[in-house]
Number of protein chains: 2
Amino acid sequence: MNAFSTAATGGRKKRGEGHTRREEILQAAKELFLEQGYEATTIRRIADRVGVSAPALYLYFPDKEQMMLALCDQTFGYLIESIREIESTVSDPRERIRRFGEAYLKFGLAHPDEYKLVFLGSNIPESVRKLGHRMPTDDPTRPGIGGAIVFQRLVSIIAEAEASGLALNYPADTCAELCWMAMHGVASALILKPEFPWSNRDLLGTGMLDIVMKGIIRGG
Amino acid sequence: MNAFSTAATGGRKKRGEGHTRREEILQAAKELFLEQGYEATTIRRIADRVGVSAPALYLYFPDKEQMMLALCDQTFGYLIESIREIESTVSDPRERIRRFGEAYLKFGLAHPDEYKLVFLGSNIPESVRKLGHRMPTDDPTRPGIGGAIVFQRLVSIIAEAEASGLALNYPADTCAELCWMAMHGVASALILKPEFPWSNRDLLGTGMLDIVMKGIIRGG
DNA sequence: CCGTTAACTTACCATTGATAAGTTATCTGT
DNA sequence: ACAGATAACTTATCAATGGTAAGTTAACGG
């Protein structure tokens with residue numbers, strides 16, 4: 001057992017316990033990805049932390065990329081959950097949109113690495129990067145679909161807002177895209193350039209939300 | 001001479017002509033980076049296209065990263081130039097901001113790979129990604145500084161607009177950050193997810209610009 | 001207690017960015 | 001003309017990477 005690991009369990013797994021090894025690998029991979037980034041994390045280092053040989057990882061994942069996707073799904077579940085909660089507890093259309101934006105930005109800042117991986121494709125292969133925004137028709141059980149689900153919720157929220165009488169300055173889908181792009185601009189900037197002397201981080205979030213609401217809602 | 005290359009010149013360079021080899025390397029690297037991306041482009045492939053051995057590249061660049069930075073500087077020069085032209089020919093403060101946004105977005109869409117490299121840090125080392133936004137005090141001759149210069153121009157444009165009487169809803173630097181973030185959100189989304197069925201690409205650009213102008217300018 | 005097979009290891013592969021050390025061709029001073 | 005000096009370049013090699021092949025060990029069912 002590796003003293004520096006939170007995942008290693010030491011010995012060989014008993015039959016039928018392979019799934020616990022899989023979770024140990026995910027845990028170790030998550031720690032290392034968050035500590036050092038995707039590229040810097042090698043399968044050998046993950047294997048070391050778990051306490052197995054490198055090829056053992058390939059018993060549980062087809063490749064490195066799928067480990068990352070499994071982790072993204074896990075983390076994005078939290079955001080999807082909090083959006084569902086907003087949808088089920090907040091009825092005012094304006095407030096829903098605002099709360100979505102707040103939750104989205106809060107999530108991005110709380111999970112910058114997962115955000116980077118899904119929405120910015122930082123240091124990951126092309127095939128992974130494309131998973132952030134997928135067509136609505138794509139298989140919802142497919143790994144890495146989290147980002148697309150989040151975006152789809154915003155489209156629904158804004159479409160429902162319009163259906164319930166809110167006048168928009170642009171088509172509903174365009175409004176959703178503008179809203180997402182604006183908040184994504186804030187999130188990605190704060191995440192990718194943490195060392196930049198931003199004038200006022202909180203004001204950038206609330207200000208952008210104000211600007212977007214005013215811009216997409218007629219008379220907003 | 002490699003028949004598939006636009007850069008290879010065949011033989012050994014004469015003394016004092018090393019700079020032409022350097023430019024050939026940059027040209028070949030640019031083609032390959034744009035065709036296949038940064039990671040997929042190996043120094044061996046660059047060297048093949050130029051028609052020299054791989055280690056020969058290290059006579060002209062300390063590493064692969066510096067090749068990319070040199071290319072980014074080259075390309076960003078075009079954007080900096082067009083911004084300078086706007087500043088020298090457009091006097092109306094509102095129009096200046098709008099024209100900046102248009103030029104910025106147009107540049108991003110015309111040079112998506114360089115944009116990714118400087119502003120999104122896609123598939124490149126941490127050290128390169130950080131160069132997009134640098135402190136104003138940084139050495140302006142340093143490779144990769146282009147993105148920061150562009151942002152600094154926007155700060156100036158908005159600060160001058162305020163000084164000339166334009167009323168802003170937020171501090172000038174915050175307005176610049178919001179403006180940049182919003183346009184960056186549009187640019188990065190369209191660049192990173194080109195296959196997504198965006199409702200209306202042109203409207204997203206002009207719409208976001210409208211929204212931002214209205215949002216940061218009092219009574220705008 | 002024996003055979004099946006899940007769980008895992010050792011040995012290996014091609015490719016990567018990069019370096020060390022040697023070679024060749026061109027220029028300069030005499 | 002010729003002898004360094006050195007710019008320009010090559011061959012050989014390195015350690016690290018993601019991934020594979022093939023064998024080994026241990027746990028379970030009958």
Side-chain angles (χ1 to χ4, degrees), chain A residues 1-2 5 7-26 28-29 32-33 36-71 123-129, chain B residues 1-2 5 7-26 28-29 32-33 36-71 117 123-128:
Chain A
M1 174 117 182
N2 181 339
S5 170
T9 59
R12 168 189 285 244
K13 292 292 175 182
K14 304 211 170 184
R15 283 205 173 192
E17 297 301 316
H19 63 97
T20 67
R21 182 70 83 202
R22 191 187 136 99
E23 279 158 30
E24 288 169 20
I25 293 169
L26 275 182
L32 288 167
F33 285 151
Q36 336 221 344
Y38 182 83
E39 289 292 338
T41 299
T42 67
I43 55 163
R44 284 166 176 80
R45 270 194 266 275
I46 297 172
D48 279 353
R49 182 164 294 206
V50 174
V52 295
S53 69
L57 305 196
Y58 290 91
L59 295 174
Y60 305 99
F61 299 93
D63 55 25
K64 192 182 169 186
E65 178 180 322
Q66 293 297 318
M67 292 183 209
M68 191 67 243
L69 286 179
L71 287 172
N123 279 8
I124 54 172
E126 186 85 2
S127 52
V128 182
R129 178 151 46 78
Chain B
M1 173 117 181
N2 180 339
S5 170
T9 60
R12 167 190 285 244
K13 293 290 176 182
K14 305 213 167 182
R15 283 201 174 195
E17 297 299 316
H19 64 98
T20 67
R21 183 68 84 200
R22 191 186 136 100
E23 279 157 31
E24 288 169 19
I25 293 168
L26 275 182
L32 288 168
F33 285 150
Q36 335 221 348
Y38 181 84
E39 290 291 338
T41 299
T42 67
I43 56 163
R44 284 166 177 81
R45 271 195 264 275
I46 298 172
D48 279 353
R49 183 166 290 206
V50 174
V52 295
S53 69
L57 305 196
Y58 291 90
L59 295 172
Y60 304 99
F61 299 92
D63 55 27
K64 193 181 169 187
E65 179 179 322
Q66 293 297 317
M67 292 183 210
M68 191 70 242
L69 285 179
L71 288 172
L117 286 156
N123 280 6
I124 53 172
E126 186 84 2
S127 52
V128 181

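First the proteins, then the strands, lettered A, B, ... as listed; each starts at 1.
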Query raised in the report: Under 4.0 angstrom, heavy atoms only, what part of the nucleic acid is B:Tyr60 near: base, sugar-phosphate, or nothing?
Result: sugar-phosphate
Report task. Measure the CD1-CD1 distance between B:Ile25 and B:Ile46 for me, rounded to the nearest 0.5 Å. Result -> 8.5 Å
Query raised in the report: Can you tell me how far P of C:dT23 sits from CG of B:Leu59, to the nearest Å?
Result: 17 Å
Report task. Calculate the interatomic distance between B:Ile46 atom CD1 and C:dA18 atom P; express it in whole Å. Result -> 10 Å
Requested in this report: Please assess B:Leu69 against B:Gln66 for the test side-chain contact (heavy atoms from CB on, under 4.5 Å), listing each intermediate value before the final yes or no.
Outcome: CA-CA 5 Å; B:Leu69 285 179; B:Gln66 293 297 317; 3.8 Å; yes
**Report entry** B:Met67 and B:Leu57, any side-chain heavy atoms less than 4.5 Å apart
**Finding:** yes
Query - Chi angles and distances behind the side-chain contact (heavy atoms from CB on, under 4.5 Å) call for B:Tyr60, B:Glu23 - result: CA-CA 9 Å; B:Tyr60 304 99; B:Glu23 279 157 31; over 6 Å; no
Report task. Check whether NZ of the Lys or CZ of the Arg B:Lys64 lies under 6.0 Å from the centre of the six-membered ring of B:Phe33 and within 45 degrees of that ring's axis. Result -> no
Query raised in the report: Rounding to a whole Å, what distance do you find between A:Leu57:CG and D:dT20:P?
Result: 12 Å
Requested in this report: Looking only at side-chain atoms of B:Pro55, point me to the closest of C:dA20, C:dC8, C:dA11.
Outcome: C:dA20
Query raised in the report: Quick one: B:His19 NE2 to D:dA7 P, roughly how many Å, whole number?
Result: 14 Å
Report task. Starting from the C-alpha separation in whole Å, work towards a yes-or-no answer on side-chain contact (heavy atoms from CB on, under 4.5 Å) for A:Tyr58 and A:Ile43. Result -> CA-CA 10 Å; A:Tyr58 290 91; A:Ile43 55 163; 3.4 Å; yes
Requested in this report: Check whether the side chain of A:Arg12 and the base of C:dA7 form a donor-acceptor pair under 3.5 Å.
Outcome: yes
Report task. Starting at atom CZ of B:Phe61, determine the distance to atom P of C:dA18, rounded to an integer number of angstrom. Result -> 13 Å
Report summary line: When rounded to whole Å, the CG to P distance for the pair A:Asp48 and C:dC8 reads 15 Å
Write down the protein N/O and nucleotide N/O pairs, taken from nucleotides 14-18 of chain D, whose separation is under 3.5 Å; answer none if there are no such pairs.
| unit_1 | atom_1 | unit_2 | atom_2 | d |
| --- | --- | --- | --- | --- |
| D:dT17 | OP1 | A:Arg45 | NH2 | 3.1 |
| D:dG18 | OP1 | A:Lys64 | NZ | 2.9 |
| D:dG18 | OP2 | A:Ile43 | N | 3.2 |
| D:dG18 | N7 | A:Arg44 | NH1 | 2.8 |
| D:dG18 | O6 | A:Arg44 | NH2 | 3.1 |

